[in-house]
Structure formats: C-alpha cells, structure tokens
There are 2 protein chains.
Amino acid sequence: MKKREKVTIYDISKKLNISAATVSRALNDNPKISKKTKELVAKTAAEMNYKQNRLALALKKGRTNNVGIIVPYIDRSFFSSVIRGIEEELTPHGYHVIIAQSHEEVANEMEQINALLNTQIDGIFMSVSKTTQSADHIQKVLDEKVPLVFFDRKIEVKGVSSVVLDDFKGGFMATSHLIREGCKRIAHLSGDVNLEIYRNRYEGYKAALKEHKIPFNPSYVLQTSSKIESGAQAVEDLWQLEEKPDAIFAAGDYAALGAIQELKNRKINIPQEVSVVGFSNEPFTKYLESPMTSVDQTPHLMGKIAAQVFLEQVNESQNYSIEKKVVLDPELFVRDSSNRTTLNLQNAAI
Amino acid sequence: MKKREKVTIYDISKKLNISAATVSRALNDNPKISKKTKELVAKTAAEMNYKQNRLALALKKGRTNNVGIIVPYIDRSFFSSVIRGIEEELTPHGYHVIIAQSHEEVANEMEQINALLNTQIDGIFMSVSKTTQSADHIQKVLDEKVPLVFFDRKIEVKGVSSVVLDDFKGGFMATSHLIREGCKRIAHLSGDVNLEIYRNRYEGYKAALKEHKIPFNPSYVLQTSSKIESGAQAVEDLWQLEEKPDAIFAAGDYAALGAIQELKNRKINIPQEVSVVGFSNEPFTKYLESPMTSVDQTPHLMGKIAAQVFLEQVNESQNYSIEKKVVLDPELFVRDSSNRTTLNLQNAAI
DNA sequence: TTGTAAGCGTTATCAT
DNA sequence: ATGATAACGCTTACAA
C-alpha cells in the first residue's frame, strides 16, 4: 500500500513563504494574525486539501478528545441505547467514542481498561461486569487521574461519579402496581445477587410488600438468570408450592417472558389469574400478543446524563475529586400482562 | 484537575542511567539488547508503573490502530450486532473501534468522515445512510488512502471492498418459501427504493414468482417505511383490492409486524388465510405469540468478515487497490406466521 | 550491545 | 504581526 502523503502546515508555510507558526495561528484564528494572512492561509489550506492531524495536537496538548466506553456486550438493547446517548451528547463537543466489551468477565475488563489508558483516552464510561467484585483495576484509572463515570452497574469507589437507575424504586413501583391491581401473593424472580441493581430491585419489592402489610414469603423469591428458560423453570418451581402466587415480578424481561410462556403452557390466565411484570422494557415487550408490563430504565437519557457528568468533570479545573451521584427515576409502562382493571390509555400507544 | 503526570521512557532511562533508546528497545524485546538489561528495564518499568503512550507511537508510525465505524444508528439490533462482530475480530489485533452515527443524513455522514479522518483512523467501516446518493464524500476517504469497507448498505465506488447480504437471494428464498406453502397471490411490502438492499429484495421476489410461473401483479407491491403503522396501512390498502393477497412478504420486520397486527384486527387467520414473512430476523420476531418467519442477515458474521477484509487490506503492502466483494448467504427462519404445513423442527427452538 | 540525534505534526514561548 | 525554536513521547538509522 502506497504510503499516504499528508499535507502539513509546513507544506503550506513553504508555499506561502511564511513560517509554520504563522500558519498554525492563522488556522486557529489567532487575533494577532492579520485578516489578509488568515484568508490567504485558509484558501491555500483548502486548495492543498490540508487536514489537521489531531494526533499531533493530542500529543502536544495531552488530550485526545476520545473517551472509552466499556460494557458487557454492545449489542444488548439497553447498552447500545446508553452508548447512543453518550455519543449524541459528546459528538457536538468534539469527542469520539471508543467502545469495548467485557463479555461479563472481569479479566477482559482489566485488559480493556489498560488498552484504553494506553491510547490516552480522556475519560472512561463503564458498566461493570457480573464477575467484578473488587475495585483494584478501577483504582488504576483513578491513579492516572482519568475521569471515570459508572452507569447502571457500579461498584462503590470513593471519588467516582455514577449515573444509575433507582432500582429500588423500580422494584417498589412494579410491586406496588401489582398490589393495586389486587394481587396478594407476589413472587419475585431476582437476578444475579452479585450485582447491586438486582439487590436493589429485590429490596424495593420487599419494601412495597411491607408498606402494604403483605407478609413476605421467602419461598416466593427465586434467583434466575436473564434467560427465558430460567423464567420458565422458576414457574415450574413455584407451582410446586401449596399456595401458588397470583403475580410475578421479574427483575428482567427475559425471565418474565419465560414465566409467561410457562404460565400459558399451563393454561393459566394472564393477567386475571397471574399478573406479570418485567424489568428493562426491552423492545420485544410491547410487541408481544399481550404486551408485557415493564419498568423502563431510560437508557438513552442515562447515556446523555453520564456524558454531561463527564463534561462537568473535565471542565472543573481546580479540585480534582468531584463526585457526582445521579439517580434516575424509572418509568413503569403498564401493559396487558398486569392490567386487571382498566386499560391504561396513556401507555396504550406503541 | 491536577495535571496527570505520566511516566515516560526518559524517566526510566534516568533512573537506570541508560539511554531512552535502550529502554525503548528493551521494552520492545529487541534482539540486540542483553537479557539482563531487558529484565532490569521490565522490572523498573513495572515498579514505576510505566504505560506506553500509544499516541506518540501513533504519531511516529503514522498509524493509530483505531478504526471508525459509521452507521445510521448504533442502537438498532442489526447494526449493534455488526459492530460487535467487528469489535471482536479486531480487538485481538490491537485495534480499537470508534463509533459514529449518521442519523440517516448524508450531511452527518460527511462530517463524521472528516472527523474520523482528522483523528487519523486506520480504516473506516460504513453502512451508508438512506439519503446518500453520490460518492463525493466517499472519494475523500480514498484520496487519503484510508482503507474503506462497506457493509450491508453500500454504494458503488471503484476500488472499495464490501460485505453485504445476498438480498436478492433473501427475497427469493422468502417468496419461494411462501409459494411452497401453497400461496398464490403474494404481496410485497418493499422498502426505501433509494437503498440497493431493498431493490434487491424486490428483485428476488419477482424472480421467485417468475420461476414458479406466477404472474406478477404490480398492485400487490407497496412501498413502506420500516414502521409498524406503515405495514398496517399497507394491509388496509391491499384489502381494498378485488383479489386479496394470500401472503405478504415484507422487506422489513416492523412492516411485517404492522401487517400482522392489522390482519388480526380484521380477524384474518395467520398463516392459513394469509402467511407473512419478514426480513432481518429482529429479536422480537421469535417472541411473538405466533413467532414470525423472517430472513436472517447474520449481522455478527457480517461484522467479523468485514473486519477480516479490512485486515487483509492493511496487510497487503504492495498493490494499493484490492477490492473484495463478499456476499453472505441469508438464512430463512421459518416460524408460525408462514408455516401452513408441518412444523419445521430445525428452527423450532428459540 | 548501547548511545546520539532526528523526526512524526502540532502549538506555545520568546524574540523581533 | 510574524519568525525561530523547543517540546509532547516515542522509534530508528547511524555511530560507537
């Protein structure tokens, strides 16, 4: 492949018989440069098809205007929406977004962090993997004084900002909704307890029961993975019980879908006999034959706010340890799978 | 924010009283460096928490090991899957992936291209926007001798490699399948004709009709957008006709879903009275009450192959104009929405 | 085997 | 208003 030849400010300076410094200043609209030279330089640069080499700029300035995003998988609806939010907020500020996947493995997470630090990114956005327990690898980021923002899945690290959903509230809303619909024996399909988000959804569930004076029954709580089969299995297990549940609040939409499928297998009426609520508001939930009620995590907004938090952090020049914790409100989309009473007109539209 | 201090090879060289060049060589495992020095340098580097500045390396070498990907929207299931494929193929080779969105606007596409070229990416992957007509902005990429690979949506540019689906075949397979299921009056909901992919699906549809000696009826072809309402509207229009269709092949899953919804409104039996086939195999299609038949575009594979094409291109050092056109085979997932005869066991599993 | 010095393309400091 | 020069952190001839 032929070496690609780049036009530099030196080429322009030679052609115009002026110094490279002048060209640089003219290009940067420095007030000390005469209008005439500026125009001349601009014109010549365009003619020669000059393009600024942002690499050299980055080396000089010590910042690349690149940020890294580390997520478990980029093709999950939730994560790709967050990424989109970040991209859209940051692009107008001249930043570029580098993405990396952890595949839910803390080892990959470490590698990706190192690789990103090597490329001199100006910041890192990250949603930790399921297997992340300690904060050792996170500490390296802080040591380098690279701004870090957690979103959705975080671990507690002093001095690190985060933007997360109020998962407690989400669990509380979902459960309260079921109670309002008349459900009394509400089961909970919880997620991986290693992740704070699932613990919080569970706590929200318990709090709602308590507030409505409904006794908490531990045998109604099963841990599931975010797989359809896992949700179906949970129903099988629950239906071994003497007292069957009359509602299921799943901490994830896939588990909820599996539950629905197994309930239908058993000819159980949804929502009349058993109501179901999921979590995440995955796109598929609203396209089901009887659409599923689910808690929306506002991922696009989460991305945008995470980006804003980063921008604030970068612009604060003095104190080097601002920590901002943003907690977003979840939104409950009530659909057929839990709607025993009236049709919620507000959310009936797609 | 405190200026972050970086450890350079000079810091190491001072501490060890050797030259920076030796440090550099030792770090790069240069055979001319003694084992002893290498070990010493490695140890000291680790102690001092040295991290290579890949920016300086990039400036020196003229390559960043970053590639850019431009897609209409990153949070569309198809695109995020392709991106995932590219990322997974390229990460082991030390590349990082920068993503950018065009929002289906050619103007944004141009801006993103320029921005990416400025950051000195080593290659660009791109799926053109709906509004892209000419190749002027593409030519700039070629002028800079930056490897370019189109995926899925391409425009014809001499010397540019591409990885696309055989959309003709996809349309042909879908239509032939419907014919085999006994359908005689097959309607087609086509997509934006500005995009080659939709024209090809349409051509595949026509070819299948022809092969089976089924007369082509232009009033059975309607242009739709990739919206649910658009598919529903199409059914309304089609059902004005004297001779109603007995099958619908939609060039997109959302239009197909809209069609299904409207057919159900009209109490029309699917698939017995009208069979429906979509295109893209969006995740939601298999979770529908009666899952939808759809043509899969193997996006993850498409990403991986696009990445491989790029790698080949980079490694070819001599001729600077290898053009590779890869065409992937679509895969038909037969599900309930078109399955009049037997259950296809092979694809029955989720 | 190791050291010296130039260079990648900018910008910033200090002169003029 | 403009020019000369150093510096960002690294690699790589060329010397030694």
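Judged by atom type and distance alone, A/K60 does not reach the base of C/dT10 through any side-chain donor-acceptor pair under 3.5 Å.
No contact: A/L55 has no heavy atom under 4.0 Å from any strand. Within 4.0 Å (heavy atoms only), B/R54 reaches no atom of the nucleic acid at all. Across all strands, B/T8 comes closer than 4.0 Å only to sugar-phosphate atoms, never to a base (heavy-atom distances). Looking at heavy-atom distances under 4.0 Å, A/K51 makes contact with sugar-phosphate atoms alone, never a base.
For A/A306 against A/F125, the heavy-atom pair with the smallest separation is O-CE2, 3.3 Å.
If you check D/dA1, C/dT1, D/dT11 against the side chain of A/T37, the one that comes closest is D/dA1. Distances from the side chain of B/N28 to the nucleotides D/dC10, C/dT4, D/dT11 place D/dT11 closest. The side chain of B/K32 has C/dT1 as its nearest neighbour among C/dT1, D/dG3, D/dA1. Set against C/dG9, C/dT2, C/dT11, the side chain of A/K61 has C/dT11 as its closest nucleotide. Comparing atom distances between the B/I18 side chain and each of D/dA4, C/dC8, C/dG3 picks out C/dG3 as nearest. The side chain of B/K6 lies closest to D/dG9 when the candidates are C/dT11, D/dG9, C/dT10. Across C/dG9, D/dC10, C/dT2, the shortest atom-to-atom separation from the side chain of B/T22 is found for C/dT2. Candidate nucleotides C/dT4, D/dC8, C/dT11 were compared by shortest atom distance to the side chain of A/L59, and D/dC8 ranks first.
Distance alone, capped at 3.5 Å, is enough to place a donor-acceptor pair between the B/Q112 side chain and the B/Q101 backbone. Side chain of A/N28 to backbone of A/R25: no donor-acceptor contact under 3.5 angstrom is found. Between the side chain of B/D122 and the backbone N or O of B/N65, at least one donor-acceptor pair lies under 3.5 Å.
One atom, CZ of B/R63, and another, P of C/dC8, lie 18 Å apart when rounded to the nearest Å. Across the protein-nucleic acid pair, A/D11 atom CG and C/dG7 atom C1' stand 15 Å apart, rounded to whole Å. Atom C1' of nucleotide C/dG9 and atom CG of B/L57 are separated by 16 Å, given to the nearest angstrom. For the pair B/I33 CD1 and D/dT11 P, the computed distance is 12 Å after rounding to whole Å. Atom CD1 in A/I9 sits about 12 Å away from atom C1' in C/dC8, given to the nearest Å. At whole-Å resolution of the value, CG in B/D29 and P in C/dT2 are 13 Å apart. Put simply, CG on A/N53 is 18 Å from P on C/dG7, counting in whole angstrom units. Going from atom CG of A/N17 over to atom P of D/dG3 covers 9 Å, rounded to whole Å.
A salt bridge links A/E156 to A/K325: one of the charged nitrogens lies within less than 4.0 Å of a carboxylate oxygen.
A sub-4.0 Å separation between OP1 or OP2 of D/dA4 and a side-chain N or O of A/Y10 is absent. Considering only side-chain N and O atoms, A/S34 lies under 4.0 angstrom from the phosphate OP1 or OP2 of D/dT2.
Of the listed residues (A/Q313, A/E312, A/K154), just one forms a side-chain hydrogen bond (donor to acceptor under 3.5 Å, both in side chains) with A/S161, and that residue is A/Q313.
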